[in-house]
**Student:** 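Below you will find the structure I want to go over with you.
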Amino acid sequence: MFNSVSITDQIYWVGINDRRTALFENLWPLDHGVAYNSYLIVDEKIALVDTVDGGQTSEYLGKIKQIIGPDRKVDYLIVNHMEPDHSGTMQSIVELYPDIKIVGNPKTFDMIQNFYGITENHYAVKEGDIIDLGTHKLKFYMTPMVHWPETMMAYEETNQILFSGDAFGSFGALDGGIFNDEVDMHFFEDEMRRYYSNIVGKYGATVQSALKKLGSLEIKTICATHGPIWRNDISTVVSLYDKWSKYEAEEGVVIVYGTMYGNTGKMAETIGRTLSEEGIKNIKIYDASKTHASFILRDIWKYKGLIIGSCAYNTAMFPPVQSLTDKLLHVGLKNRILGIFGTYSWNGGGVSNLMKFAEAIKLPVVTEPVEAKCAACGNDIEGCMAMAKEMVKKLREQA
């Protein structure tokens, strides 16, 4: 049985791995599962930092009891974030420890009442307040809209540990390794970027505000509510969040297309090959019908170039491409270079609506769009190649 793990002599990971849930928020694929991280501080007073998803109650409570035994009680429940994947066992905790003080801010308590009907033992904190557990002291920082309005973080001053809520979190269950130096960080960086782009990406400005607020802290460990615990390379994970929240990206191109019969896909292949011939190594080509948008968004967040193609479908974009562009508008993607291409048979709609998308999202388009009737040939192929070459030129001008 995978039990609790010691972070320090008195601080424990008591999280749960979930490999059964197929979709996070019933929306984003969990091909490799997800961890719900919760932390227990055992001192003169005992504090539990966030809880876990409600479907994991029995195992979760067992971990807590195994550490503190039947005679001691949890004094404080620190609620950094109220999403039910982190607050789902709150009612069970309150039933087990009825005198527990629930620590949050006014927005936290409003959600607690509306989610769970719990109206007693609320312990309000504001910016800079401290709870003294004995040896350990927790100082609170309000970080609204990272990524819900009630979110806050708790900084344990003695060991310089930041309990960061969803910030710095990642998809992916913890397969034995709990700490960043115990796991494959290439995998977790990709899954952390997918988590950021899918869940947090819209809130870049408030992430920047939070990073500035926390910038003066000496942080030795970051304990997020998903993914591995960072006990070294803190500057690395912070720099990733800084980069992503500024919409910064590296040299590379994502090509995503929608096609019914393969003709738009053939144009994508031509564009991809030309990019390669021009020296671009990081090229990702996606059929929007085959790959879930969460993975496409992940790579759009990574690379500077974005080329989107769509066939016409009932005088509109092909639906999976329409869905992706809606998501990009929602997260307010910035600082990308855009290319547009597509096909039509008897009426347009794919390319013309992609151009409306470009206007709405305010991204520069490298060339006039390339639109082929039925299947690309001659000038259409040359146009795809010219688009790729111009994309390379713009990428290198901005490098």
**Student:** Does N114 have more than 12 heavy atoms from other residues, nucleotides or ligands lying within 6.0 Å of its CG?
**Tutor:**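 Above 12, so yes.
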**Student:** Suppose we screen for side-chain contact (heavy atoms from CB on, under 4.5 Å). Which residues come up paired with E191, at least two apart in sequence or across chains?
**Tutor:**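 Once residues adjacent in sequence are excluded, the partners of E191 under the side-chain contact (heavy atoms from CB on, under 4.5 Å) criterion are S170, F171, F187, R194, R298.
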**Student:** Going by the rule ring-ring contact (aromatic ring centres under 6.0 Å, His included), which residues pair with F163 if we only count those two or more places apart in sequence or in a different chain?
**Tutor:**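 In terms of ring-ring contact (aromatic ring centres under 6.0 Å, His included), with neighbours along the sequence ignored, F163 is linked to Y39.
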**Student:** For the residue pair L133 and L138, establish whether any side-chain heavy-atom pair is separated by less than 4.5 Å.
**Tutor:**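 Side-chain contact under 4.5 Å: yes.
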**Student:** Kindly compute the distance separating CG (L61) from CG (L96), expressed to the nearest 0.5 Å.
**Tutor:**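 Going from the CG atom of L61 to the CG atom of L96 covers 6.0 Å.
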**Student:** In terms of heavy-atom contacts, does CD of Q160 have more than 12 from other residues, nucleotides or ligands at under 6.0 Å?
**Tutor:**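 Result for CD/Q160: enclosed.
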**Student:** Classify the ring geometry between F24 and H226 as parallel (under 30°), tilted (30 to 60°) or perpendicular (over 60°).
**Tutor:**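 F24 and H226: perpendicular rings.
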**Student:** Centres of the F179 and W230 rings: under 6.0 Å?
**Tutor:**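 No, ring centres 6.0 Å or more apart.
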**Student:** Side chains of S87 and T51: any donor to acceptor distance under 3.5 Å?
**Tutor:**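 No, because no side-chain N or O of T51 sits under 3.5 Å from a partner of the opposite role on S87.
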**Student:** Is it true that, when you exclude Y303 itself, more than 12 heavy atoms of the residues, nucleotides or ligands shown sit nearer than 6.0 Å to its OH?
**Tutor:**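 Atom OH in Y303 is packed in, count exceeds 12.
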**Student:** Between K101 and D75, does at least one N-O distance fall below 4.0 Å, as a salt bridge requires?
**Tutor:**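 D75 and K101: not salt-bridged.
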**Student:** Does any N or O in the side chain of N347 come within less than 3.5 Å of the main-chain N or O of T315, such that one atom is a donor and the other an acceptor?
**Tutor:**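 Pair absent, no side-chain N/O of N347 close to backbone of T315.
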**Student:** Drop me the distance from M317's CE to K356's NZ, to the nearest 0.5 angstrom.
**Tutor:**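 Reported value, rounded in 0.5 Å steps: 9.0 Å.
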**Student:** Which residues satisfy the salt bridge (charged side-chain N to carboxylate O under 4.0 Å, His left out) test with R336, sequence neighbours excluded?
**Tutor:**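 Checked R336 against salt bridge (charged side-chain N to carboxylate O under 4.0 Å, His left out); zero matches.
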**Student:** Measuring from atom CG of D242 to atom CG of L211, what distance do you get when rounded to the nearest 0.5 angstrom?
**Tutor:**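 Here the interatomic distance stands at 6.0 Å.
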**Student:** Under 4.5 Å between any side-chain heavy atoms of V253 and I307, yes or no?
**Tutor:**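 When only atoms from C-beta onward are counted, I307 and V253 do touch, with a gap below 4.5 Å.
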**Student:** Taking the side chain from T89 and the backbone from T57, do they hold a donor-acceptor pair closer than 3.5 Å?
**Tutor:**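 Side chain of T89 to backbone of T57, a donor-acceptor pair under 3.5 Å: no, none is there.
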**Student:** Is the shortest heavy-atom distance from the side chain of I102 to the side chain of I112 under 4.5 Å?
**Tutor:**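 Heavy-atom side-chain distance check passes, below 4.5 Å.
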**Student:** May I ask you to say whether D175 pairs ionically with R19, meaning some side-chain N is under 4.0 Å from a carboxylate O?
**Tutor:**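 Yes.
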**Student:** Will you find, in the side chains of K212 and Q208, an N or O donor that is under 3.5 Å from an N or O acceptor?
**Tutor:**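 Short answer, yes.
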**Student:** Looking only at atom types and distance, does a side-chain atom of W244 sit under 3.5 Å from a main-chain N or O of G201, one as donor and one as acceptor?
**Tutor:**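 Side chain of W244 to backbone of G201: no pair is present.
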**Student:** Could you go through T108 and N105, starting from their C-alpha distance and side-chain angles, then the distance that decides it, and tell me whether this counts as side chain to side chain donor-acceptor pair (under 3.5 Å)?
**Tutor:** CA-CA 5 Å; T108 312; N105 57 71; 3.3 Å; yes
**Student:** For E251, what residues pass the salt bridge (charged side-chain N to carboxylate O under 4.0 Å, His left out) criterion, not counting sequence neighbours?
**Tutor:**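 In terms of salt bridge (charged side-chain N to carboxylate O under 4.0 Å, His left out), with neighbours along the sequence ignored, E251 is linked to R396.
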**Student:** Just wondering, are more than 12 heavy atoms of other shown residues or ligands nearer than 6.0 Å to NZ in K202?
**Tutor:**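 Check passes, neighbour count above 12.
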**Student:** Just how far is it from atom CG of N80 to atom CG of D166, taken to the nearest 0.5 Å?
**Tutor:**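 It is 10.0 Å, given to the nearest 0.5 Å.
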**Student:** Test question: given the 4.5 Å side-chain rule for I, L, V, M, F, W and Y, name all other residues clustered with M145, or answer none.
**Tutor:**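 M145 clusters with Y203.
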**Student:** Enter the distance from S245:OG to K243:NZ here, rounded to the nearest 0.5 Å.
**Tutor:**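 Reported value, rounded in 0.5 Å steps: 11.5 Å.
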**Student:** Identify whether the distance between the nearest side-chain nitrogen and carboxylate oxygen of R273 and E278 falls below 4.0 Å.
**Tutor:**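 Looking at R273 and E278, the cut-off is not met.
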**Student:** Do Y344 and M355 belong to the same hydrophobic cluster, where Ile, Leu, Val, Met, Phe, Trp and Tyr are linked whenever their side-chain heavy atoms lie under 4.5 Å apart, directly or via other members?
**Tutor:**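 The answer is no; the residues belong to distinct hydrophobic clusters.
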**Student:** Taking salt bridge (charged side-chain N to carboxylate O under 4.0 Å, His left out) as the definition, give me every residue that meets it alongside K126, ordered by chain and number, with sequence neighbours left out.
**Tutor:**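 Testing K126 for salt bridge (charged side-chain N to carboxylate O under 4.0 Å, His left out), a comparison that skips the adjacent residues, returns D129.
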**Student:** Can you find a side-chain donor-acceptor pair between H136 and E157 that sits under 3.5 Å?
**Tutor:**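 Their side chains do not contain a donor-acceptor pair, so the 3.5 Å distance test is not met.
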**Student:** Between K220 and E156, does at least one N-O distance fall below 4.0 Å, as a salt bridge requires?
**Tutor:**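 E156 and K220: not salt-bridged.
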**Student:** Please list, chain by chain and in numerical order, all residues satisfying salt bridge (charged side-chain N to carboxylate O under 4.0 Å, His left out) with E127, sequence neighbours excluded.
**Tutor:**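 Once residues adjacent in sequence are excluded, the partners of E127 under the salt bridge (charged side-chain N to carboxylate O under 4.0 Å, His left out) criterion are K213.
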**Student:** Is any side-chain heavy atom of I41 less than 4.5 Å from a side-chain heavy atom of V49?
**Tutor:**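 Side-chain contact under 4.5 Å: yes.
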**Student:** For the residue pair L333 and L306, establish whether any side-chain heavy-atom pair is separated by less than 4.5 Å.
**Tutor:**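 Yes, side chains in contact.
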**Student:** Does a side chain donor of either Y60 or D53 reach within less than 3.5 Å of an acceptor in the other side chain?
**Tutor:**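 No - no donor-acceptor pair under 3.5 Å links their side chains.
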**Student:** Can you measure from CD1 (I64) to CD1 (I93) and round to the nearest 0.5 angstrom?
**Tutor:**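 I64 CD1 to I93 CD1: 4.0 Å, rounded to 0.5 Å.
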**Student:** In the structure I gave you, are the side-chain heavy atoms of S276 and I283 within less than 4.5 Å of one another anywhere?
**Tutor:**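 In contact.
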**Student:** Please name all residues satisfying side-chain contact (heavy atoms from CB on, under 4.5 Å) with I381, sequence neighbours left out, ordered by chain then number.
**Tutor:**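 Result, side-chain contact (heavy atoms from CB on, under 4.5 Å) vs I381: T270, A376, M385.
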**Student:** Would you call V14 and N3 a side-chain contact if the rule is heavy atoms closer than 4.5 Å?
**Tutor:**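 V14 vs N3: side chains apart.
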**Student:** Between V103 and L77, is any pair of side-chain heavy atoms under 4.5 Å apart?
**Tutor:**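 Answer no - side chains too far apart.
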**Student:** Treating Ile, Leu, Val, Met, Phe, Trp and Tyr as nodes and any side-chain heavy-atom pair under 4.5 angstrom as an edge, say whether F357 and M387 lie in one connected cluster.
**Tutor:**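 Not linked; separate clusters.
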**Student:** For W148 and H81, take the angle between the two ring planes, folded into 0 to 90°, and tell me which bin it lands in: parallel under 30, tilted 30 to 60, perpendicular over 60.
**Tutor:**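 It falls in the perpendicular class, over 60°.
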**Student:** Salt bridge check: are D190 and R193 linked by an N-O gap of less than 4.0 Å?
**Tutor:**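 Here D190 pairs with R193 in a salt bridge, since their nearest N and O are under 4.0 Å apart.
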**Student:** Tell me every residue that passes side-chain contact (heavy atoms from CB on, under 4.5 Å) with K73, counting only those two or more places apart in sequence or in another chain.
**Tutor:**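 Result, side-chain contact (heavy atoms from CB on, under 4.5 Å) vs K73: Y97, D99.
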**Student:** Mind checking what makes side chain to side chain donor-acceptor pair (under 3.5 Å) contact with N121, not counting sequence neighbours?
**Tutor:**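 So N121 forms no side chain to side chain donor-acceptor pair (under 3.5 Å) with any residue.
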**Student:** Output all residues satisfying side chain to side chain donor-acceptor pair (under 3.5 Å) with Y36, sequence neighbours left out; order by chain, then residue number.
**Tutor:**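 Counting only residues at least two positions away or on another chain, Y36 forms a side chain to side chain donor-acceptor pair (under 3.5 Å) with D18.
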**Student:** For H292, which residues count as a side-chain contact (heavy atoms from CB on, under 4.5 Å) partner, sequence neighbours excluded?
**Tutor:**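 By the side-chain contact (heavy atoms from CB on, under 4.5 Å) rule, H292 matches W28, P29, S294, F295.
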